[in-house]
Amino acid sequence: MNTPLHALLPRHAPLAGLTLLVLFLLPVLLWMTDMPVPPLVSPEHMTAFHTSAELFAVVVAIGVFAVAYHVRDRRRLLATLVLATGFLAVGLLDFLHLMTYPQMPDFITPNSSQQTIFFWLAARLVGGLALLLYVALPLVPQHRAPAPWVFVGGALSLVLLLAWLGLWHEHRIPALFVPGEGLTPFKIGLEGMVVALHGATLLVLLLRPQLMRRPGMPMVATALIILMASEVFFTLYTSLTDSLFVLGHLYKVAGYALIYWGVFIESVRAPMAQLQAAHHDIELRQQRYERLVDTAPDGVLVTDGDGTILMANRNIEHLFGYPRRHLIGQPVETLIPEHLRARHRTLREQHGEYISARTMGEVPDLRGRRMDGSEFPVDISLNAFEDEGGRRITAFIRDVTERQRREARIQHQATHDSLTGLPNRWLLHDRLAYSIAQASRHDHLIAVMLLDLDNFKMINDTFGHHEGDALLREVAHRLQAVAGHEATIGRFGGDEFMILLPELNDARQAGKLAQQILDRFDQPFRTGPARQFASSASLGIALYPQDAADEHTLVRYADMAMYEAKRSGRNTYSFYSAHLDAQVRAEQRLQERLKHALEHDRIALKFQPLIDVKTGEVVACEALLRWTDPELGAVPPSAFIPSAEANGLILPLGTWVIREACRQLADWARQGIDTPVCINISALQFQQLDLVGQLQQALEEAGASPSRLEIEITETVAMADVDLTREQLARLKTLGVRVSLDDFGTGYSSLAYLKSLPIDKIKIDRSFIQDIGQDRDAEMILRSVMGLGHSLHLKLVAEGVETAEQLAFLQQEGCDLYQGWLFSPALSVEEFRATVHSQRHA
């Protein structure tokens, strides 16, 4: 039995120690005696030797990375990641060292001794530091690994930085080698640093007996001694071709091989032990095989190398209908459909000697044939073994009829809308991408049509979701009837449908179909025995390739055309056109300018006072964003806020508002102004799990009190996910921040959840305030909302108060606070401060 190398070292410790001592003292002896060393490699073969040695080093370093990155000891997660990514950097730097060797073809910039020595030293220093950290980091059980990509990214970034410096800025590096003179003191000093790193690593390893007792660590210690000797060689050579240079590379190759073997010996031993156990288990299984096979849950067949059936279990009878005694001696093709038998026989004869283990699911669409001639889908696992009779093949056979039915149902559910049965958004995009590829190959048109129901929201809100769902099913049915089989009809989301026409001769076909679809909407939709609705639709059409060449742009253009149809009066269709493209460019310009404004702090906060209805005093203010662009002029929030929400800028914009509001709170506090500030939180911000953390950090950095900060979320945002809302609001209340529900009255389900949400105020939407004195129903709703709010002990804030009549109504009905142009528009910091001071000194 072969003895592993790591086990030989302890057994022959004196001999191993003597060998190491000789290897270590050899470069010291050569240094002290200045003894000439005969050439080991002829100059004409030096490039080949160097290339071979360095390629070996690169492969070993990358091997260390690959194994260490994927096989990690739970107690040494951090250490293993440091070693793995450190040697990833070493491998790449050694590759750069190899490619910049003067005798190699120029790599990127002209090769030089300066470059190749620089990359050599960089690799040695990184490798030395990685080994030191590997043995120095503590043995601590870690159940959660650090993020591996962070280490990989750091290693790659370091290599890129060193490559940039060594390839394009080598003149900035102190001279490492002077032709005719040899190595410079700077280079020799760096080699000394590498020796010191290895010495420190060896010392740490010796001082940690628990680590040193691990099977591979003696190999690492041996490698460190050899690498230290290697570095000494690399301080003695005078040219890139002398024998000391060669000896240094040979020592390095030996050290790398020992590191690879030593560090990861346990990751090799464990699988080997498992393999030996598996072989032993196979022997036991072979002894029990015939006793157990008959009780297997799957059908089991055993055949010889020629495909003759030798054994069949009870489940084979159930699957195929043949009595087992009739199958023995028959060719296995008896159980295969007739049209597949010849192909199966050919494959078996060609590959029967080389068959390997195959698990269930590796080969799809296999078929079996029952005794009555019917076919059914099967899944087969194969195994081959040898016994005294020769080669045997075991087949485990499973009827997968029900599994395929379940998978088909799951696939259909994943790719189709559960309400209408139509393809969903994912499948629509997939078919559109395929259609574009076909159209590009065969040079024909594609039309993407987006249809949106014009009054669906009103129907849904008035008659309930059940009636709305029934209407959507009716719409889907009519679209399928009109578009035919060549078109793909799908539900794109909500009340939007997509019609994909994959092959057109001209655009008029799309317009004709669009009109036919709209004509079908002239007939009322019946959703029940006594319910019918009149509904219209708006259609937008975009064409490939004349409008766009990719699926996402086509859909976006069709969406723009659909909204153009709505702006044109609804119940019509519209093709994408150039003026819509101009609108897109204008939107893009707006987004670019907004990003520029955010990056250069060219947005501002203004503050609209919240007034006590009874006393007329300023008791709080709402922070409102204002933006005046040098190119676009004053841009209203109604224009740039939706744009920011569409392109994701709403998150950095919201972060800026939080920090600026907290800063202003702290500034006012220092001036003796204790007025609370309310800030609006967007839907995307509110969904962030670290929202409370952002607020806490901003408050702490500014030195502001949480009790004077108030967060406003809209009713729509609150009702989108009530569980998330409740959880987020609870965190905000724990922080000490107050919460308002903004635009109250515009949602649909808030009354049912209002009692359970931890809010302090509700802000009544301005649309209700505007109707005071004009709409008695609106006034009645207002009274109900205020009564509900007071019964729940909530403060009531009326938005958009512009007339004395509105204020009088609010005073009469007991509203707590109001804001609006009646008192003041949004004010600058100075204007707001002056307003507060004037009230206090009145």
Side-chain angles (χ1 to χ4, degrees), residues 1-27 53 56-73 75-76 79-84 86-88 90-91 94 123-124 126-137 139 194-195 197-233 248-273:
M1 179 177 176
N2 294 330
T3 304
L5 180 58
H6 70 277
L8 286 174
L9 286 177
R11 188 180 305 174
H12 302 284
L15 179 60
L18 179 62
T19 304
L20 272 178
L21 182 63
V22 171
L23 290 174
F24 182 73
L25 291 178
L26 177 60
F56 178 85
V58 170
V59 170
V60 170
I62 298 302
V64 170
F65 161 70
V67 177
Y69 190 78
H70 293 289
V71 182
R72 306 174 203 150
D73 189 334
R75 297 176 301 167
R76 310 203 69 224
T80 307
L81 281 172
V82 168
L83 183 70
F87 268 79
L88 171 63
V90 169
D94 273 340
R124 303 290 73 72
V126 171
L129 184 59
L131 284 169
L132 177 58
L133 291 173
Y134 177 67
V135 303
L137 288 171
L139 285 165
V194 178
V195 173
L197 280 173
H198 290 332
T201 304
L202 184 61
L203 179 61
V204 172
L205 193 56
L206 294 175
L207 292 175
R208 301 186 69 187
Q210 181 184 4
L211 186 61
M212 192 62 183
R213 284 194 296 269
R214 295 169 69 92
M217 288 302 104
M219 308 291 287
V220 175
T222 304
L224 289 168
I225 295 173
I226 293 176
L227 288 177
M228 291 168 67
S230 170
E231 295 301 324
V232 176
F233 278 123
H249 277 87
L250 292 175
Y251 272 53
K252 173 193 169 184
V253 166
Y256 269 40
L258 287 171
I259 288 173
Y260 178 82
W261 179 253
V263 173
F264 305 107
I265 191 67
E266 287 196 353
S267 66
V268 175
R269 282 177 56 200
M272 289 298 295

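The figures here come from the full heavy-atom set of this structure, side chains too, leaving out hydrogens, waters and symmetry mates.
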Point to revise | side-chain contact (heavy atoms from CB on, under 4.5 Å) between Asp94 and Tyr256, intermediate numbers included | key: CA-CA 12 Å; Asp94 273 340; Tyr256 269 40; 3.3 Å; yes
**Study point:** Val90 and Arg124, any side-chain heavy atoms less than 4.5 Å apart
**Key:** yes
Check your understanding: Leu258 and Ala223: which non-hydrogen atoms are nearest, and at how many Å?
Key -> CB-CB, 3.7 Å
Point to revise | Any side-chain heavy-atom pair of Leu83 and Leu133 under 4.5 Å | key: no
Revision key, fill the gap. In short, Ile225 meets Leu202 closest at the heavy-atom pair CG1-CD2, 3.8 Å
Exercise for review: Taking all heavy atoms of Gly128 and all of Leu197, pick out the closest pair and write down the distance.
Suggested key: C-CD1, 4.1 Å
Practice item. Decide yes or no for Val135 and Leu131: does some side-chain heavy atom of the first lie under 4.5 Å from some side-chain heavy atom of the second? Key: no
Practice item. Can you see which heavy atom on Ile226 is nearest to which on Tyr251, and at what distance? Key: CG2-O, 3.3 Å
Practice item. Report yes if the side chains of Phe87 and Val82 come closer than 4.5 Å at any heavy-atom pair, otherwise no. Key: no
